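See below for the structure under consideration.
Fair warning: this is a prediction, and the values are worked out from it, not measured in the lab.
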Amino acid sequence: MPNWTEEQKRAIEKKNSNLLVAAAAGSGKTTVLVERIIQKIINDKKDIDRLLIVTFTNAAASEMRERILKALYEKIDEEPENEHLKKQIVLLNKASICTIDSFCLDVIKNNFFEIGISSNFRIADNAELEILKLEALEDLFEELYEINDEEFLKLIDIFAGYRGDENLKELVLKIYESIQSNPFPEEWLYEKIEKFNVKKEIEENTDFSESIWGKILLENYRDEIVDIINNFKVLKEKLEKYEELDKYVGVLEKDIEKMQVIQNSLDTWENGYVETNNFKRFSNWPKDENIIIEEKERASKSRDLIKKKFKKVTDNTFLNNSKEAYSDIYSMYDILKSLGNLVVKYISRFNENKKEKNIMDFGDIEHYALKILLKKDENGVYQRTNVAKKLEERFDEIAIDEYQDSNLIQEYILTSISNGKNIFMVGDVKQSIYKFRQARPELFLDKYEKYGKEKNEFGQKIQLFKNFRSRESVLDLTNLVFSNIMSKKLRRH
């Protein structure tokens, strides 16, 4: 029996709660996950096929299966008469230890009739899909040209260039690809487009800082101003070492004061806009040929760079007042709505073509599974289907390895078959490198914060930060570096 740490023991034994295990590299997370499964089998008398264990790759699933098999054989050696353990060896062959795609395929194959597709569908290869994508797009564009679709022709006027309509085609494909990581892509697309409908904000003269764009721009601008002030302070401290440079120090003090005035105005967009537009100029750098200290010249050059940075970030941020900014956004609303309609028409055409050929792509697997598990009720609210409820009854626990690489569709799928307190998630957000494949590490971070609070009904957090793989000197240096650069904001981006 290994000497488990207190945190590992909690991760292995904790029941009746969703559990997020934040496990650093080398902390034995896979060993803990395997032991938790074995304890479920031995202590709780669960069958291995009552557990759903989701891994990130097929190789990881195979390794997990092998480790569980090895652990079972070791337990059987200790208890050769234990029929329950022997039964698990047989059940292991059909246990749900798989990738999310494999699980979704099983859901679809067992319930294909729920969504009106054929049972003998196949997964198309990339080359075939690329041809089908382009054919669907060409056919759609040709049809819209023939009927002189007014909305479509306006988009052609806006986006067409020397390459004809290729720019618009590429844009449609790019939007299509980018929205596929959302559980309900078309709804998500229209929801985002609707954010550009800011007619009410214009009429009510709402401050731009209350918009999603204003919040981001203002937050970034605040960060830049803090950085500019700090840079001026560093220069000032360097010059304060020389009495002869007092007048230069005075100039830098004025620079800092002016930046702090702007900093204090950033409570609203309008105040920031007025203050930055009223800003005249920085004070002149004194010219004194009698002072030949090199630090003076270096400070002058550094100051010029800081001033340029201030001008650039200000010019790029406060282009308009609140009303003008909202008006610019609203002017895009009709165009984006038309573009959204075109993308949805393309999705429909592409899906029809795939259905005719009885094929699907990997993105379809998750979306079809979700369509089987969740359906809208008469009020337009998504509810779990009978299929989802049956799967909930089938699995006593859902274990998700490498949770930091989950996406939002997978989150919806696995949550829909949970009883609300039986999901075991293990991962390390610092090892999330698949955002380019639509991984959502913020899912991990949100639970990390939510589950970490006392007395919450959502779940519990356990941290496995004791490293069994590296020397202490290596860990100390690594922790020193990353404690200064791995902020929450950086992790989210």
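If you run ring pair (Phe, Tyr, Trp, His ring centres under 6.0 Å) between Phe279 and each of Phe318, Phe310, Tyr273, only Phe310 comes through. With Leu52 as the partner, the side chain to side chain contact (heavy atoms under 4.5 Å, CB included) test is satisfied by one option alone out of Ile417, Asp396, Ile400: Ile417.
Residue Ile175 holds its CD1 atom at 8.5 Å from CG of Leu342, rounded to the nearest 0.5 Å. How far CD1 of Ile359 is from CG of Leu132: 5.0 Å, rounded to the nearest 0.5 Å. To the nearest 0.5 Å, atoms CG (Leu443) and CD (Gln410) are separated by 9.5 Å. Atoms CD1 and CG, from Ile225 and Asn230 in turn, are 11.0 Å apart once rounded to the nearest 0.5 Å.
Within the 3.5 Å criterion, the main-chain N or O of Asn321 finds a donor-acceptor partner in the side chain of Glu324. In this structure, Asn379 contributes its side chain and Val381 its backbone to no donor-acceptor pair below 3.5 Å. Of the possible polar contacts, one joining the Asp361 side chain to the Asp364 backbone as a donor-acceptor pair under 3.5 Å is found. For Asn18 (side chain) and Asn422 (main-chain N/O), a donor-acceptor pair under 3.5 Å exists by modelled atom type. Looking only at distances, no side-chain donor or acceptor of Ser17 sits under 3.5 Å from a matching main-chain atom of Leu19. For Gln88 (side chain) and Ile48 (main-chain N/O), a donor-acceptor pair under 3.5 Å exists by modelled atom type. Looking only at distances, no side-chain donor or acceptor of Ser102 sits under 3.5 Å from a matching main-chain atom of Cys98. The closest donor-acceptor contact from the side chain of Gln180 to the backbone of Tyr176 lies under 3.5 Å. Between the side chain of His367 and the backbone N or O of Asn182 there is at least one donor-acceptor pair closer than 3.5 Å.
Here Phe208 and Tyr326 bring their ring centres to under 6.0 angstrom of each other. For Tyr221 and Trp269, the gap between ring centers reaches or exceeds 6.0 Å. You'll find the ring centres of Tyr412 and Tyr382 outside the 6.0 Å limit.
Taking the charged nitrogens against the carboxylate oxygens, Arg50 and Asp47 have no contact shorter than 4.0 Å, which rules out a salt bridge. Arg384 and Glu392 are joined by a salt bridge, as a carboxylate oxygen and a charged side-chain nitrogen come within less than 4.0 angstrom of each other. With salt bridges taken as basic N to acidic carboxylate O contacts below 4.0 Å, none links Asp328 and Lys323. Taking the charged nitrogens against the carboxylate oxygens, Arg67 and Glu35 have no contact shorter than 4.0 Å, which rules out a salt bridge. The residues Lys15 and Asp44 are annotated as salt-bridged, a charged nitrogen and a carboxylate oxygen being separated by less than 4.0 angstrom. Contact check on Lys169 versus Glu166 returns a salt bridge, with a Lys/Arg side-chain nitrogen under 4.0 Å from an Asp/Glu carboxylate oxygen. Taking the charged nitrogens against the carboxylate oxygens, Lys70 and Glu66 have no contact shorter than 4.0 Å, which rules out a salt bridge. Between Glu177 and Lys133 a salt bridge is recorded (basic side-chain N to carboxylate O distance below 4.0 Å). For Asp401 and Lys29, the salt-bridge test passes: some basic side-chain N is under 4.0 Å from an acidic carboxylate O. A salt bridge links Lys447 with Glu411: the distance from a Lys NZ or Arg NE/NH1/NH2 to an Asp or Glu carboxylate oxygen falls below 4.0 Å. With respect to the salt-bridge test (charged N to carboxylate O, under 4.0 angstrom), the residues Glu397 and Arg36 qualify. Between Glu187 and Lys376, at least one side-chain N (NZ, or NE/NH1/NH2) sits under 4.0 Å from a carboxylate O, which counts as a salt bridge.
The 12-atom threshold is not exceeded at NZ of Lys174, counting heavy atoms of other residues, nucleotides or ligands nearer than 6.0 Å. Atom NZ of Lys309 is surrounded by more than 12 heavy atoms from other residues, nucleotides or ligands within 6.0 Å. In Lys46, the NZ atom is not crowded: 12 or fewer heavy atoms of neighbouring residues, nucleotides or ligands sit closer than 6.0 Å. More than 12 non-hydrogen atoms from other residues, nucleotides or ligands lie less than 6.0 angstrom from OH of Tyr145. Enclosure of atom CG in Asn126 is not indicated, since only 12 or fewer non-hydrogen atoms of other residues, nucleotides or ligands lie within 6.0 angstrom.
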Q. When you look at Met332 and Phe196, which way does the side chain to side chain contact (heavy atoms under 4.5 Å, CB included) test go after all the steps?
A. CA-CA 7 Å; Met332 300 167 64; Phe196 286 77; 4.1 Å; yes
Q. Stepwise, does the side chain to side chain contact (heavy atoms under 4.5 Å, CB included) test hold for Leu33 with Val21?
A. CA-CA 10 Å; Leu33 179 53; Val21 178; over 6 Å; no
Q: For the pair Phe141 and Phe152, evaluate ring pair (Phe, Tyr, Trp, His ring centres under 6.0 Å) and give the outcome as yes or no after the intermediate values.
A: CA-CA 9 Å; Phe141 271 50; Phe152 171 71; 5.0 Å; yes
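Between Tyr448 and Phe444, the ring planes lie parallel to each other; the angle is under 30°, not in the 30° to 60° tilted range.
By the side-chain contact (heavy atoms from CB on, under 4.5 Å) test, Asn358 pairs with Ser118, Asn120, Phe121, sequence neighbours left out.
For the pair Asp315 and Lys312, the minimum side-chain heavy-atom distance is 4.5 Å or more.
Relative to the ring axis of Tyr190, Lys192 does not place its NZ or CZ within 45° and under 6.0 Å from the centre.
Across all non-hydrogen atoms, the minimal contact from Asp428 to Ala24 is OD2-CA, 3.8 Å.
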